[in-house]
Amino acid sequence: MDFEKLYIGGQWTAGASGQFIEVENPATRQIFARVPAGNEIDVDKAARAAHGALPAWAALPLTERIDLMEKFLAIFKSQENDLIDITIKELGSPYSFTKSAQVEYQYVRTRSYIDLAPKVPLVEKMAYSTTYREPVGVIGCITPWNYPLGQVIQKIVPALLMGNTVILKPSQHTPLSSYYLAEAFEKAGFPKGVFNLVTGRGGEVGNALSSHPLVDMISFTGSTSGGVTVGKKALESVKHISLELGGKSPYVILPAKDHDYTEPIHLCFNSIFLNSGQTCTAFSRLLIPAEEKETIEKQLTEIAKEYTVGSPESHEVKLGPVSSLQQYKKISEYIRKGMDEGARLLLGGLPDSPDKGYYIKPTIFTDVKNDMTIAQDEIFGPVLCVITYRDEDDAISIANDVRYGLNAGVYGPKDKAIAMAHRIQAGNVYINASPRDTAAPFGGYKESGIGREGGIYGMLEFTQQKALFDTGK
């Protein structure tokens, strides 16, 4: 794979700047690839290509767009080994997690969109009119580094199926897996200009996309501060925006008569520790009943031993490094801040030197107060805050006392858990061990975003409504 080109208008082409961004393996700190540092000239070329391809692509029957996406999916699946290998190298995600969550789950997501596409209500008959949903137009997709395939699939597949054309700007830290997607679209026979790939820094490519007059919508996933910046720029020309932003998600464990909390602890740990805590939906605040504090803390300490840290190449390791030196420093500062604020370390602590990779062990703070910085800020690392509550009303008050509202979980008797879930201000709430549903809408309340991804609701984000008043003579 030649990572030193951009994919614009159906052609692999050199970046206009002639400059490159190096890609580092966070497990070894070795530079092993580089991609073009795209700029406004590249964005302009991509926008013109996408705009030129839009009329024919939007007019293509949905069945034909689905046929092309089926071909894409088949090629995408054939790339599995390459995708696993490149994701381990560019992100540091361990083999087992990379295979299941970073790669194979994206085939499930793509299949879900293909199967749901014919069910999207594109035409609705009303008493005196008919409402149609049409493509928004050229979509600028700006994606983060933590799920380099997943966040891309969540945007480009529904956008394309709904008749839009796309310009993808992947994260500068994990851009390489997107090259395989570009190759798959090319081999599947997608028309030139329908999918375009422009790598580069957010401050250049992202801003250029957000302000380009031929770009009709920005779909952004990243930090809340980044989303605000992108949103402001996009709204200067009144573009459509979809923002999937940060989270500080609560996981509430209700009292258990048998005092066995093994399953909910595993569910919480899988959320906050796998992918080294670099997940926007991570259960980073564990809310436990005060009377069960000692019992649960003992079980937390014991179960945490299963979450081993080491080389992401190992099939046995559960946590690899965090993604970059910047992440390593940021997470380390939050751990130091938690200690300074008076939270008690139950497990983990400040990491070793990053000389041999950006490794941070699972860290658990207890005796955390919800007004502490570590309980309010999105740390985006393997750091769990344990907070006690007095009763269910107190748990709800703590759960909702953050500026985010992306995700949550409640574990306990099902009726009680569902009743509590309805009171939590979050776009998604997991009850007990219920699995994720790809057909469900995904998105947040409050500062966790605008709009939804996933399922039919995620596909509707990439449409706009037109009403025809058509009952007269």
Side-chain angles (χ1 to χ4, degrees), residues 96-97 100-101 247-275 277 279 281-309 316 318-319 338 343-348 361-370 372 374-375 382-402 406-426 428-437 440:
S96 59
F97 187 80
S100 62
K248 192 68 179 177
S249 302
Y251 191 75
V252 184
I253 295 180
L254 299 176
K257 291 180 180 179
D258 62 1
H259 309 289
D260 182 3
Y261 298 97
T262 303
E263 184 171 62
I265 289 172
H266 274 113
L267 292 169
C268 180
F269 281 2
N270 287 346
S271 176
I272 185 59
F273 291 152
L274 300 186
N275 212 37
T279 302
T281 57
F283 295 139
S284 53
R285 293 183 298 145
L286 176 60
L287 279 56
I288 63 173
E291 67 271 21
E292 295 285 81
K293 181 175 184 287
E294 185 177 347
T295 298
I296 292 176
E297 285 184 353
K298 287 180 180 177
Q299 293 180 34
L300 289 170
T301 303
E302 190 62 30
I303 294 171
K305 295 175 183 176
E306 301 172 19
Y307 291 79
T308 52
V309 181
E316 308 304 321
K318 288 198 172 182
L319 282 79
R344 178 168 62 90
L345 273 172
L346 187 66
L347 193 77
K361 295 177 182 178
T363 296
I364 302 175
F365 280 105
T366 189
D367 297 333
V368 176
K369 305 300 181 186
N370 203 51
M372 291 180 176
I374 58 170
V383 181
L384 177 64
C385 297
V386 181
I387 305 170
T388 58
Y389 65 85
R390 297 184 305 274
D391 52 33
E392 291 183 15
D393 286 342
D394 189 37
I396 292 296
S397 177
I398 295 169
N400 290 337
D401 187 23
V402 286
L406 185 59
N407 195 36
V410 185
Y411 193 99
K414 190 172 182 180
D415 289 347
K416 282 189 175 183
I418 290 175
M420 180 171 280
H422 281 296
R423 299 174 64 192
I424 295 177
Q425 297 167 354
N428 293 255
V429 186
Y430 287 82
I431 307 300
N432 297 337
S434 300
R436 187 169 183 173
D437 183 357

task: For the pair Gln299 (side chain) and His259 (backbone), establish whether a donor and an acceptor sit closer than 3.5 Å, ignoring hydrogens and angles.
output: yes

- prompt: Does Asp393 pair with Arg423 as a salt bridge, N-O distance under 4.0 Å?
  reply: yes

field: Check: Arg285 and Val368 side chains under 4.5 Å, non-hydrogen atoms
entry: no

message: Could you check whether any side-chain heavy atom of Val309 comes within less than 4.5 Å of a side-chain heavy atom of Pro362, counting everything from C-beta outward?
response: yes

- prompt: Would a distance-only check, ignoring hydrogens and angles, find a side-chain to backbone donor-acceptor pair under 3.5 Å from Arg390 to Ala290?
  reply: no

message: Given 3.5 Å as the limit, does a donor-acceptor pair link the side chain of Ser100 with the main chain of Ser96, or not?
response: yes

query: Would you say Glu316 has more than 12 foreign heavy atoms packed within less than 6.0 Å of its CD?
result: no

task: For a ring pair (Phe, Tyr, Trp, His ring centres under 6.0 Å) with Phe283, tell me which candidate from Tyr411, Tyr251, Phe273 qualifies.
output: Tyr251

message: Using modelled atom types and a 3.5 Å cut-off, is there a donor and acceptor pairing between side-chain atoms of Asn400 and backbone atoms of Gln425?
response: yes

query: Under 3.5 Å, is there a donor-acceptor pair between the side chain of Asn407 and the main chain of Gly247?
result: no

message: Please check this pair: side chain of Thr363 against backbone of Lys361, looking for a donor-acceptor N/O pair closer than 3.5 Å.
response: yes

Test item: Asn432 side-chain N/O and Gly412 main-chain N/O as donor-acceptor pair under 3.5 Å: yes

query: Below 4.5 Å, heavy atoms only, C-beta onward: do Ile288 and Val386 meet side chain to side chain?
result: yes

message: Less than 4.0 angstrom from a charged side-chain N to a carboxylate O is my criterion; do Glu302 and Lys298 meet it?
response: no

- prompt: Taking side chain as C-beta onward, heavy atoms only, is Leu254 less than 4.5 Å from Glu292?
  reply: no

- request: Search all heavy atoms of Leu384 against all heavy atoms of Ser284 and return the closest pair with its distance.
  value: CD1-O, 3.6 Å

field: Neighbour count above 12 (heavy atom, 6.0 Å) for Lys369 NZ
entry: no

- prompt: Do Thr281 and Asn428 come within less than 4.5 Å of each other through their side chains, counting heavy atoms only?
  reply: no

task: Would you name the heavy atoms of Leu287 and Ala395 that are closest together and state the gap between them?
output: CD2-O, 3.4 Å

- prompt: Where does the angle between the aromatic ring planes of Phe269 and Tyr307 fall among parallel (under 30°), tilted (30 to 60°) and perpendicular (over 60°)?
  reply: perpendicular

- prompt: Would you say Asp391 has more than 12 foreign heavy atoms packed within less than 6.0 Å of its CG?
  reply: yes

task: Give a yes or no answer on whether the side chain of Lys248 reaches the backbone of Ile374 with a donor-acceptor pair at less than 3.5 Å.
output: yes

